[in-house]
Structure formats: structure tokens, C-alpha cells
Amino acid sequence: MKLFHLAYLIMLISSNAWSVSQELTVSGWPKEWLQMDSKSPHWANNPVLGKMICPALTRLNLLEKRSEAQLLSEIKVSDREQKVWSFVLSKDLYWWTGDIVTHEDLANFFDKNLEQNLRQSSMDSYEIPNFDIEHSKLGVKIIWKSKPKFGPWILNQIPFQKQKDGKIVCAGNWQPQQLTGYIEEMISKAPESTMSIKFTAQKSADLSFQYPHSSIANAWARHPDQRIRCSRKIDLPIITGIFWNTNMPDTNNPKMRAAFTHLMPRGALLRHGAGYMGDLLSGPFLRAHPGYSKALLVKSYSVETAQKIFAQQNYRYKEANGELMRPDGTNLVLKIQVRGSRETLAEKVIASSFQSSGITVEFQSQPQGAHGILTSLTLPWPNGNLIHALHSKSKSSWPGQFATEQLDNGLEAYARSLTFSKPDFRQLRKIHKILFDQEPITLLMQHQVCLKSRSRKKLPKVYIRNPDWFQKLTKFTMRTK
């Protein structure tokens with residue numbers, strides 16, 4: 001995955017922040033993320049398309065550490081056994097077609113998506129009771145036959161939409177200028193308004209999200225020798241690392257995987273490969289997430305620590321040439337799969353660092369026989385839910401899938417907590433601890449982007465926990481046409 005893939009760069013734009021006859025030009029989004037897709041599974045999580053075009057009924061607000069309604073005026077769980085859920089739509093909601101959104105529409109949406117999403121989000125880890133859906137002009141009720149083990153926030157981040165004439169229809173405050181191809185301009189649906197947002201590749205945009213001219217995974221990049229100056233860095237939920245194949249010899253041992261991590265000069269990569277445009281993490285979660293455990297420190301670069309682990313695991317060095325040997329006497333050779341055909345800075349640093357400890361690293365394009373894969377991936381944001389990436393039943397797992405019963409149980413418990421108004425972030429920190437101890441991933445870095453504006457005003461600070469952070473930026477960058 002290319003490092004500039006930007007699934008989650010913008011969180012919320014509210015039309016109330018602008019006046020009539022204004023526009024905003026934005027650069028920094030790859031074209032593929034502006035594609036009008038009939039399935040659109042990423043829309044609700046994509047901060048641009050999600051809130052503006054196809055918002056979900058509810059969302060997770062990390063600033064408040066709880067879920068909240070977006071298109072609903074009421075979510076209520078009644079009776080002692082929590083078997084009756086009530087939902088009331090906000091007033092004056094309209095589909096792109098101009099038709100008013102009705103509670104019958106809401107009932108149909110639940111009927112189509114509720115059970116399917118429950119099974120997918122839980123990995124069938126708990127029983128789903130039978131249920132009925134009732135609707136009237138006053139709202140929608142879901143009536144369970146028995147008390148469910150989950151809560152009514154189960155459709156967090158699922159785009160509220162329907163199909164009409166074979167095309168997707170949403171209830172967002174903004175509508176794309178065209179319903180096919182790629183989004184180039186979005187028009188506000190507010191009455192008597194001519195506000196628009198245009199996506200452009202021009203560097204002179206009102207707001208631009210600029211990536212470093214270098215990248216540890218880019219073979220053609222220049223790598224800076226000093227810090228890139230940027231007054232407004234924004235964390236991206238994108239990581240680069242080695243995802244170990246835990247079924248291969250040498251990498252099937254968590255202590256050996258930890259030793260390999262200690263051999264990674266990650267600080268040097270961050271300084272000279274990305275100009276400090278990133279961060280070092282101890283687990284696949286952003287530091288800003290309330291589920292990130294600050295008690296788990298990033299493993300240090302320490303050849304001495306790595307070599308002590310090798311000795312404890314009965315790996316020995318040849319006196320003649322210093323090569324590291326397995327317990328069976330064969331030389332340790334690690335094979336790592338890479339995406340491209342040209343050598344990247346990360347590959348050079350990894351090979352050099354491991355070679356200095358007597359380990360040969362061979363990079364290959366095919367997965368057969370690989371001990372791991374060097375790649376970049378987008379983390380789930382804002383929920384941090386890794387159940388689809390790391391659960392043993394997942395069909396869309398990360399490379400080198402790692403799974404244990406303890407991890408499965410933790411993932412299921414956290415995913416279930418997300419269906420209630422207040423997720424259990426302590427459970428996510430437990431997941432972090434499991435991954436820290438088992439080290440299925442050697443995280444090289446988490447990436448950042450630099451926010452630039454044409455406005456002479458100083459940009460406000462950006463707190464990515466706040467789902468409305470982009471709304472503040474619009475006050476500085478919207479201009480009259």
C-alpha cells in the first residue's frame with residue numbers, strides 16, 4: 001500500500017461554518033479515494049466522504065471517549081432486560097434526490113444491515129437473538145426476543161444509504177457534482193447556498209496536505225539529513241513495518257521476533273528517512289487513541305539485547321566469520337517479501353543492521369517461504385478495532401496473521417464494547433500488551449502529513465481525537481468566489 005493513501009485525513013466539515021458564495025480548494029487526496037463506488041464501504045470512515053456525503057447514523061467521538069448520534073435525535077434502550085431499542089431521526093433530513101428521510105427508510109436500513117454487521121463485527125462470537133423491527137411516524141423500534149449481549153451503537157461508522165435505480169443515495173449535507181467516476185467538486189445542500197469544495201492536484205490550493213519529499217519505502221526518494229520544518233503536523237493512521245510470518249522457523253518464536261525488533265534502528269529511519277515526519281510506536285495504535293498504552297515503551301535499538309536473546313535461544317556465532325547459526329548449525333537467513341522491484345531505504349537499513357549481527361536478509365517479491373513482509377498499512381480509525389485484521393476467523397487478515405485464543409477473546413470483547421455508548425478502552429490496552437509481548441509486527445514508524453494553508457492567519461492546532469477538527473480549519477481557509 002502506498003504511503004500516501006489517506007483513508008482518514010479529514011474528520012468533519014459542518015456547513016454552518018461558512019457563509020454563502022464561498023469555496024474551498026483542497027489538495028492531497030489521491031484520486032482513488034475520491035472514486036464514486038456503488039458499494040462505498042469506506043465512506044463512513046473516510047472523513048471527507050463519510051460525514052459530508054454519506055454520514056453514518058452514529059459515530060465514535062474519541063475526544064469525548066464515547067459514541068454519539070449524527071443523524072438521530074434519540075437512541076434509547078428501554079425495559080430492564082434491554083430488549084427494546086428505540087431510534088428517532090433528526091428533523092429535516094433529505095436524501096440526495098430531495099426526498100425526505102422517513103422512519104420507514106430507517107427501518108429498511110436496519111433490516112438490511114443490522115444482522116449482517118453484527119455477524120461481521122463479532123466474528124460470530126456470540127448468539128444473535130431473533131428480533132422484530134417496528135416503525136411509525138414517531139420512530140423505529142427493534143424488539144429482541146431475548147436480551148442481547150451487545151448495544152445499540154452497532155452501526156457506528158456504517159454509511160446510512162439506500163439504492164435507487166441501481167445507484168447509491170445518501171442523506172449527507174453535501175452532494176458530489178457527479179454520481180459516477182471521481183469526485184472533483186462537492187456542492188452544499190444548504191438552502192440558498194453556493195458553497196463548494198473542489199479537489200485539485202495544484203499546490204496552490206487553499207488547504208493542502210503535503211507529504212515528505214522522502215519516504216523510507218520509496219526507492220526514488222531523496223532522504224533528508226535534517227528535520228522537515230512543519231508548523232502543523234497531522235498524524236496519519238498509516239504504519240510501515242515488518243509483519244512476521246509466525247508459522248515460519250525463527251519467526252515462530254516471540255522472543256526471536258523481539259530480538260529482530262531490537263536490531264532495527266528505527267530512530268535513524270525516522271530522522272533520515274522521513275525528516276521526523278512520523279512517530280515511533282510500541283503497538284499498531286496511534287498515540288492519540290485512548291486505547292494506546294503509554295506504559296508500553298518502544299523497544300530500544302540494542303544490538304547487545306538482541307544478541308543476549310539469541311544466546312538464550314541457543315543461536316550461536318561462528319568464530320570464523322561471525323555468522324549467526326541456528327540451533328541445528330545452519331546459517332540464519334531471513335527472507336522478507338517486499339512490494340516493489342527497486343531497493344528502498346528501509347531495505348538497505350534492515351539488511352545492513354542485520355548483517356552487522358551476522359544475519360543475512362534476502363528480499364523477494366513472492367510470499368512463498370518468506371519470514372515476513374515489509375509493507376505499509378492503514379489502521380482502523382477512530383475505533384482502533386483490529387478484529388478484522390488479527391482475529392483467527394478473519395478472511396481479510398493482515399500479512400503474516402498472528403492469532404491466539406487470548407488475542408481472539410480480547411478482540412471480541414473490545415469489538416463488543418464498541419456497540420455501547422462508552423467503549424472499553426482498557427480492553428484495547430490489554431490487546432496492545434498482548435501484541436507488545438508477542439511482537440507479531442516490527443513497527444518501523446507511523447506516518448504524518450504536513451498541513452499547509454494559503455491563509456495568512458495562523459492555523460489552529462489540530463487534535464485528531466476531535467472528529468470536528470477540520471471544521472475549525474475552514475474558518476481560516478474558506479474564501480469568497
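- Using a 4.5 Å heavy-atom threshold, the side chains of Lys255 and Gln313 count as touching.
- Within the 4.5 Å cutoff, the side chain of Ile373 has no heavy atoms near those of the Pro367 side chain.
- At a threshold of 4.5 Å between non-hydrogen side-chain atoms, the residues Gln438 and Arg257 count as touching.
- Checked by atom type and distance alone, the side chain of Ser356 pairs as donor or acceptor with a backbone atom of Ser353 at under 3.5 Å.
- Salt bridge status for Arg426 with Asp424: present, with a side-chain N to carboxylate O gap under 4.0 Å.
- Relative orientation of the Trp85 and Phe150 rings is perpendicular, given thresholds of 30° and 60° on the angle between their planes.
- Ring geometry for Phe425 against Tyr414 counts as tilted: the plane angle lies between 30° and 60°, on a 0 to 90° scale.
- A cation-pi arrangement, defined by a distance under 6.0 Å to the six-membered ring centre and an angle within 45 degrees of its axis, is present between Lys299 and Phe436.
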Pair Glu68-Arg59, salt bridge (Lys or Arg N to Asp or Glu O under 4.0 Å): steps then yes or no
CA-CA 6 Å; Glu68 61 188 16; Arg59 71 179 182 183; 2.6 Å; yes
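- With a 4.5 Å cut-off on side-chain heavy atoms, Leu332 and Met325 do not count as touching.
- Contact of the Gln337 side chain with the His371 side chain is not registered, since no non-hydrogen atoms from C-beta on lie closer than 4.5 Å.
- Taking the six-membered ring for Trp and thresholds of 30 and 60 degrees, Phe110 and Phe87 have ring planes inclined between 30 and 60 degrees apart.
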Could you walk me through whether Phe260 and Thr251 pass side chain to side chain contact (heavy atoms under 4.5 Å, CB included), step by step?
CA-CA 9 Å; Phe260 296 148; Thr251 51; 4.0 Å; yes
